[in-house]
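In what follows, every chain begins at residue 1, and chains take the letters A, B, ... in the order their sequences are listed. Remember, it's a predicted structure, so these values are computed and weren't measured experimentally.
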Amino acid sequence: MRKRLNILILLCVLLPGLGRAASLSLSLERDTASLGEGLQLSVRLEGGRATSEPRIAGLDAFRVNRAGRSSSTQIVGGRLSSATEFYYYLEPLRPGHYALGPARLGNLVSNTVGLRVSDAAEQSAGPPLQPREPLSLTAGLNKTSCYEGERLDYVLRLATRMRVSDLNVSLPPQLDLRQEGEPRQSERDGQTIFELRYSFKPKRPGRYRIAPAAMNLRAYVQTDPFFAAARPVSLRSQGLELTVKPLPVPPAAFSGQVGTYTVKAALQPERLKPGEAATYSLVISGAGNLPELKPAAVPGLKFYPDKPVEQAGAKTLNFAVVAERPGLYRLSCPALSYFDPASGTYKRLSPALQTLTVVGTASASPVKPAPRAAPRPEVQPAEDILPIHVFARKPLAAAPALYLLLLALTAYLLLALLRRFSFSRPREPKPLKAFKFSLKQDSSRARALEALLAYFKAVLGVSVTSSAELTAELERRGLPPQLSAEIAARLDELNQAVYTGQGAAPVEPGLARLLGRLDRELK
Amino acid sequence: MKRLIIALALLVLPLALLAGDFETASQAYAQGRYREAARLYERLAAREDVSADVYYNLGGCYYQLKDVGRALLNYERARLISPRDADLAYNLEAAKSLRRDNLPENQPWGGFSLNEALWSLTLVNLGLAAVLMLRLYRKPEWSAYVLIVALVLELCCGAGLAFKFWQALSDERAVILDSEVTALAGPQPGDTALFKLHAGSSVAIRASENGWSLIEAGSQQGWLAPGTWERIRRQNAKKTSPVATTALDQAD
């Protein structure tokens, strides 16, 4: 009774809701978007059951990604209402005005919505975009005007208030950008800032419009207090403008380096004996690609360079200096002609002279560099490679034929070994077979008695030694008395032969046949 | 007896000639006649089963001739045969430092050479065969342990050989030989110039069409005219590299 009442109440609640007319509506997150920017489209079905996906017209100019569906059921004022919502993310492919929809689901037809898609370049030509909540991508240059060959920094910043993942950056194609260091992450005003740093060198003078960078990522939108839905988002930075000025007419010795550099030289110790080593250091610092300097050759001194060390915008070049004979030496390096973009002039990079005093007598032994210094000189073009080999080692010739032969032999041996190996236990020979085999090996009466007793033990399961015991056992098993008597007589005969010293004589034939009869009777 | 002597002489003669050429080339190098030495080494390098020392010395000749591209090409070839040669590693780094382009390199792992892997497997296989043969007739306890070790070694060497074989087959590296080449957008002389490469730059060959090759240099791709580069992996050892011979002739 109670069960029927419950069903009745449920029907009363559900039937009014089911009787309501179904409707389909289409909505768009916003009515404007720029190229490459994603936006959400949703189709809502109210008061009906969705058996299939809706078909939406007018999406030819968009890349469409399905973003799932959600269903909800509510009972308000005793009325049941259910709704299903389908979500799509659209990415415009062409600028223009579009009418999206209608969506169709069965017999239901939705409304249409309008969307204006603007060209991203229209925006990039204007002032930089304001960071749009909750995600924004901005690009920047450290200079808007520079000289050809000068190193510039291009910085891309992603500001977000949401959790993001799977970041994928598309850089402006016309710049040969080189990433500088790892991406950096920081927090500012409740936003997480991801910063990517690149450098490049403009090669030709002119006015450039740098295309916007694009970034695809997944942003996690909190749909309720517990769950977040991942949504693919495409962002574009603003475009940038750059003016590249040509270099003035260069001097003859211009090295091609453009940047701002300083150089410091140091010598430690400044006084030593012949054969001892001092360290001559050159520290070049500044912006741009740091050049490498080499000390000028000085007769009586030998230079052995260490590996250059570059860190924090400074390059350190160390040379072990070994004096061969006493004297006063001046150490310098050939000046490097470069263009300084800060002053707009050509400059020469030359460290201060260092003086080395070598006192004492020249040693007779050949001069060796200090052990700290690299024993092998750094690369001197066409001079200082290691000498050739005067003996040609015979190459390790490949011998596939030998190998195949060996492989075949190994495989054969492996197979031979496996054939001998068996996982099953060797089967015991049948008692009668064993008896016959034993007689075949040795047909003496003593051996025959031994084999016969073994046969009885195997067949009857008990040890019998006398004919009386055997007869009793065979009769107990219901065997014909004649057969039992015959077998017992043979047993007696063998026993007697053995105990009377005639064990070596051959056994009388017919015993095996008799046992064959016994086998059959026992079966 | 006479026939035996003739047969032995025929067998030894090529080896003697080879040694003679190598010695002559080395003498030319020692006397500073690098071009002549390079020509002799090129002749030796055109044969089958070239010693790593021939490529090493040839690389040295080109280095002295300031031909960075060919120096690097031959050093890289020597490294395929003798990957752990310390002299070679040093000279290779020296030659690399003379390159003008600073492209990222895809250097294959070179712990051992393909032939070394093959020989290791052959020797392990020999040991395995010996243990198996022993176990066919006698089964001392120690032989079971030796058999297990030999089987494990066989597996390791087999895997090493397969890896080196795959590495050799998939080695598409090439070295730019001309002092400056322009990579184009297509395999035609009139196509748009994309970027420039200089001697010694290591590139990867991705496709070929009408003699032109699509190369990958760092993150860039472009088409290069034939004869401006050469593969590190030798494809035809029977004849002297035509590019190298032409270059030496032109230098004369």
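A:His389 approaches B:Asp85 most closely through the heavy-atom pair CE1-OD2, 3.4 Å.
Listed by chain and residue number, nothing satisfies the ring pair (Phe, Tyr, Trp, His ring centres under 6.0 Å) test with B:Phe165 (two or more places apart in sequence, or in another chain). For B:Pro83, the side chain to side chain contact (heavy atoms under 4.5 Å, CB included) partners at least two apart in sequence or on another chain are B:Ser113, B:Glu116.
Distance CD1/A:Ile388 to CG/B:Asp87: 11.5 Å, rounded to 0.5 Å. Atom CG of A:Leu414 is separated from atom CG of B:Leu151 by 7.0 Å, given to the nearest 0.5 angstrom. One distance of note links CG of A:Leu406 with CG of B:Asn125; it measures 4.5 Å at 0.5 Å rounding. Remark: B:Leu121 CG to A:Leu407 CG distance equals 7.5 Å, nearest 0.5 Å. Atom OH of residue B:Tyr63 and atom CG of residue A:Leu386 lie 10.0 Å apart, to the nearest 0.5 angstrom.
Looking at B:Ser82, only its side chain comes within 4.5 Å of chain A, counting heavy atoms on both sides. B:Tyr55 does not touch chain A: none of its heavy atoms, backbone or side chain, sits under 4.5 Å away.
The environment of CG in B:Asn102 is sparse: at most 12 heavy-atom neighbours from other residues, nucleotides or ligands sit within 6.0 Å. Within a 6.0 Å radius of NZ in B:Lys196, other residues, nucleotides and ligands contribute 12 heavy atoms or fewer. Applying the 6.0 Å contact sphere to CZ of B:Arg233 captures more than 12 heavy atoms from other residues, nucleotides or ligands.
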side-chain contact (heavy atoms from CB on, under 4.5 Å) between A:Leu413 and B:Arg135: does it pass, once the steps are laid out?
CA-CA 9 Å; A:Leu413 288 170; B:Arg135 283 188 67 85; over 6 Å; no

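Most heavy-atom pairs under 4.5 Å with chain A: of the set B:Ala30, B:Ala130, B:Ser26, B:Ser219, this distinction falls to B:Ser26. Ranked by heavy-atom pairs under 4.5 Å with chain A, the list B:Asn57, B:Leu132, B:Leu128, B:Leu58 is led by B:Asn57.
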